Novice: 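Pasting a structure here, questions to come.
All chains are named by letter (A, B, ...) in the order of the sequence lines, taking the proteins before the strands, and each is independently numbered beginning at 1. Values reported hereafter were calculated over all heavy atoms of this structure, with side chains retained and with hydrogens, waters and symmetry mates removed. These figures come from a predicted structure and were not determined experimentally.
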There are 2 protein chains.
Amino acid sequence: MITIKDIAKEAHVSEGTVDRVIHNRGGVSKKTAAKVREILERHNFTVNPVASALAMKKKHQISVLIPEYTEADLFWKSPYLGVLKAATDVKSFGVQVHSFTFNQSDSDSYVKAFEDVLKTEPSAVIMVPNFSEETTQIINQLESLKIPYLFLNIDINGYNNMSYVGQDSYTAGYIAAKLLHRQAQETSEFLIIQSRHNSIKNNAISDRVEGFNNYFIENKIKVQPQILKIDDIANTEDSREIIKAYLDNHLQIKVVFVPSSRIYRVVNCIDKKRLKQLELVGFDNTPQNTACLLNDSVSFLISQKPFDQGYTAVRLLTDYLIEKKQPAEKIYLPIDILIKENVQYNGRDEYISESEPSAQYVKE
Amino acid sequence: MITIKDIAKEAHVSEGTVDRVIHNRGGVSKKTAAKVREILERHNFTVNPVASALAMKKKHQISVLIPEYTEADLFWKSPYLGVLKAATDVKSFGVQVHSFTFNQSDSDSYVKAFEDVLKTEPSAVIMVPNFSEETTQIINQLESLKIPYLFLNIDINGYNNMSYVGQDSYTAGYIAAKLLHRQAQETSEFLIIQSRHNSIKNNAISDRVEGFNNYFIENKIKVQPQILKIDDIANTEDSREIIKAYLDNHLQIKVVFVPSSRIYRVVNCIDKKRLKQLELVGFDNTPQNTACLLNDSVSFLISQKPFDQGYTAVRLLTDYLIEKKQPAEKIYLPIDILIKENVQYNGRDEYISESEPSAQYVKE
DNA sequence: AATAGTTTCGTGTGCGCACACACAAATATA
DNA sequence: TATATTTGTGTGTGCGCACACGAAACTATT
């Protein structure tokens, strides 16, 4: 392994000079800089990140702005755990990670959490954008402070975010349609159940629905999916009534698509008897949703690898901060198709306890 | 971040003593050892792997024994690239990785490659077991030299391998059956096409077939999959004849399962016209197989994440060598269900050029 | 009690790099 | 020409740890 010392010797300069060239610190004459650069390139030199991390005086700070999770909606726990795991992995590289959470139905908490983010004086920020107006404000601040920022899970356009880490939601919805269509009878009708609960415009969900609908259009299939919007899916009694009434009036509906992570709530609203005659597809392997797969009430789940999203985002920014590696503009994680049989091998890492985030992929 | 120096200060001993306790180097009185250990545990101390790697005098050597790949059978390129990627990632931790390949139909090359492995004086070995007799010999040598070894991709029993990294092949086959059955007509018959080409007993393939068959038995489905064994699937003309004859004689066969990565060869042996009436499922997203997905000749591929297998194995052993982390006995990677629409997001990292193994998950 | 042998422990050095500081050379200013 | 100012370059220190060396403290032997 070639070191700075080796380069210095070959160029007949001191290690300090080589260091200046490598980091463009300036104060080196053009002639010697060129000479050193030539030797660096010829040997394909890269700094030893281990030694670099150890010697680095200035510690880096990555701050994360992410929705909070609750027992009823565990989805956001996964990205959080991914961030946490990455944080322990990069700690010894001199990178600190701090997370701040907000309530997705309270824009004030969003702004407040962001203020806390700023207090950490971050070198870079990972954020899940919510509330368009507030987001614009937040990003204006980040840009004037020249803090690079990365969007996680939700992709929005018109900003100079350094990258996006998440899923191609359109294709995910398209795949859901394909899986359902292939299993359905000729005469089946399709229903999309959407929750109006969180009034925030969520691009991911609308993109999924668009992909879902476009599957039938593109493939010239004479199916017109119907949409049932429910105000508060968390209210089981009301929702049960609404869904029952709808299904009673549309007996040809054999297929239900829930473009959010709340499919377990929909399942809770449908009689067991009727469930057996339906094919359901939803998103995300939260514990509740996974349970629905295992008891055969849901046919497929599409996972967006939320744990990996958090993990990848932190690692990406770390590489950027330490090695100046520019990440790709869009980083689309795999679209996982989960069924009863393979769910156990997927995301074993996602819902482990926070105290031992290292035990992944392990089968008991 | 707490350091050895901090511990030493608190225990009123020198850093050297703490170091001895941490690494069980001996030469510490029971009393002081206990005192230091108590403080270590109370602070939940772990060595800084970065500093540790930098200071480590003795470099570790991981050697890999893996089948070679050819243009016609690119499968083994993926684990190789995974190993390669991991190698660059762990290089600065003082871990060297060397790969040695062998021809899967030539047991001599297996033994010879292993001799080369031994010459590197490895601290640990990753191997894909082949040829039962020779494997026993090899493992005897490893055990007498007390070199820990890990099985990759192919799981065999009766050895003291430190771990297995790969897929649950039985379940993978079971899933293949389920996917096919759900799409098939009531009257369809199922055909398994197996290649006898490589005469070596491959547990993975027989496990897949077992899982495939058991799906129908467990679920009491009156389907008896038929098996067609082909001597040399690489011989397209002969195979074409054989398959055509078989399908002509069994017109109810609508579903074909190929429990290996050679499904593209089977596709090449079937008329386009007939292909449209068949549902095919195979394994592994090699470029040729992926092409079959994209042109609709294959419905599903099941991926065993070969790149990740190689990568994971190296990282696992690195953690063991550096931090003494004992890996789990079996590490089952996810069983990926791939279709035309999601294959592009899967394993983008697998078939990239060897020169830039860092560009993963990237969408152009 | 003196010596040799053994156990227990502290000190020093270097891994490869980042960065502060000192100092020399080149140039500008008086 | 002498002095101030600006480049350009070398040296030294420490990040946290692994490990060699040697010095105490202690035990065994005569």
Side-chain angles (χ1 to χ4, degrees), chain A residues 1-37 39-40 43-60 88 90-96 123 321-324, chain B residues 1-37 39-40 43-60 88 90-96 123 321-324:
Chain A
M1 179 180 275
I2 188 149
T3 72
I4 285 185
K5 198 196 276 182
D6 300 326
I7 303 287
K9 206 176 289 173
E10 186 167 340
H12 300 290
V13 295
S14 72
E15 297 178 42
T17 301
V18 177
D19 174 73
R20 281 174 206 108
V21 173
I22 291 173
H23 295 91
N24 297 310
R25 295 192 211 281
V28 181
S29 71
K30 281 181 186 172
K31 217 196 308 178
T32 48
K35 185 171 62 178
V36 170
R37 236 183 285 276
I39 297 176
L40 284 172
H43 287 83
N44 220 308
F45 177 88
T46 47
V47 293
N48 180 337
V50 165
S52 175
L54 188 61
M56 189 94 72
K57 290 273 191 260
K58 197 179 108 204
K59 303 298 177 194
H60 295 291
T88 70
V90 303
K91 197 180 77 176
S92 40
F93 285 100
V95 177
Q96 297 262 350
S123 330
L321 292 174
I322 290 192
E323 304 183 50
K324 295 258 180 290
Chain B
M1 176 181 278
I2 187 150
T3 71
I4 284 186
K5 197 195 279 184
D6 300 326
I7 303 287
K9 207 175 289 173
E10 188 168 337
H12 300 290
V13 295
S14 72
E15 297 177 43
T17 301
V18 177
D19 174 72
R20 280 175 207 109
V21 173
I22 290 173
H23 295 92
N24 298 311
R25 295 192 211 282
V28 181
S29 70
K30 279 181 187 174
K31 216 196 306 177
T32 46
K35 185 171 61 179
V36 170
R37 236 183 284 276
I39 297 175
L40 284 172
H43 287 80
N44 220 307
F45 176 88
T46 48
V47 293
N48 180 337
V50 164
S52 175
L54 188 61
M56 188 94 72
K57 291 274 194 259
K58 197 179 106 205
K59 304 297 178 192
H60 295 291
T88 70
V90 302
K91 197 180 76 176
S92 41
F93 285 100
V95 177
Q96 297 263 350
S123 331
L321 292 173
I322 290 192
E323 304 182 49
K324 295 256 179 292

Novice: Base, sugar-phosphate or nothing for N48(B)? Non-hydrogen atoms, less than 4.0 Å.
Specialist: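 Sugar-phosphate contact only.
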Novice: What nucleic acid atoms does V13(B) come within less than 4.0 Å of, heavy atoms only: base, sugar-phosphate, or nothing?
Specialist: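 Touches sugar-phosphate only.
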Novice: Which angle, to the nearest 10 degrees, lies between the helix axes at the two ends of the helix from dA1(C)-dT30(D) to dA30(C)-dT1(D), each defined by five pairs?
Specialist: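 About 60° separates the two local helix axes.
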Novice: What does I4(A) touch in the nucleic acid at a heavy-atom separation under 4.0 angstrom: a base, only the sugar-phosphate, or nothing?
Specialist: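 Since only primed, P, OP1 and OP2 atoms lie under 4.0 Å of I4(A), the category is sugar-phosphate.
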Novice: Would one find a side-chain N or O of T17(B) under 4.0 angstrom from OP1 or OP2 of dT8(C)?
Specialist: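 No, outside the criterion.
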Novice: Under 3.5 Å, which N/O atoms of the protein pair with N/O atoms of nucleotides 21-26 of chain C?
Specialist:
none

Novice: According to a strict under-4.0 Å criterion, is S29(B) in side-chain N/O contact with OP1 or OP2 of dC9(C)?
Specialist: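 The answer is yes; a side-chain N or O of S29(B) sits under 4.0 Å from OP1 or OP2.
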Novice: Between dG10(C) and S14(B), is there an OP1 or OP2 to side-chain N/O distance shorter than 4.0 Å?
Specialist: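 Yes, such a contact exists.
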Novice: When you check the phosphate oxygens OP1 and OP2 of dC9(C), does a side-chain N or O of T32(B) lie under 4.0 Å from one of them?
Specialist: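 So the side-chain polar atoms of T32(B) do come within 4.0 Å of the phosphate oxygens OP1 or OP2 of dC9(C), strictly under.
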Novice: What's the closest nucleotide to the side chain of A51(A) if the choices are dA18(C), dC15(D), dG16(C)?
Specialist: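 The answer is dG16(C).
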Novice: Sequence neighbours left out, what passes side-chain hydrogen bond (donor to acceptor under 3.5 Å, both in side chains) with S52(A)? Give chain and number order.
Specialist: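 If we apply the side-chain hydrogen bond (donor to acceptor under 3.5 Å, both in side chains) test to S52(A), skipping adjacent residues, there are no hits.
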Novice: Taking the side chain of V47(B) as its heavy atoms from C-beta onward, which of dC17(D), dA18(C), dG16(C) lies nearest to it?
Specialist: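 Given the options dC17(D), dA18(C), dG16(C), the side chain of V47(B) is closest to dC17(D).
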Novice: Counting side-chain heavy atoms from CB outward, which of dC19(C), dC19(D), dC15(C) is closest to M56(B)?
Specialist: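 It is dC19(D).
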Novice: Within the pair S92(B) and dG16(C), is there a side-chain N or O less than 4.0 Å away from OP1 or OP2?
Specialist: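 No.
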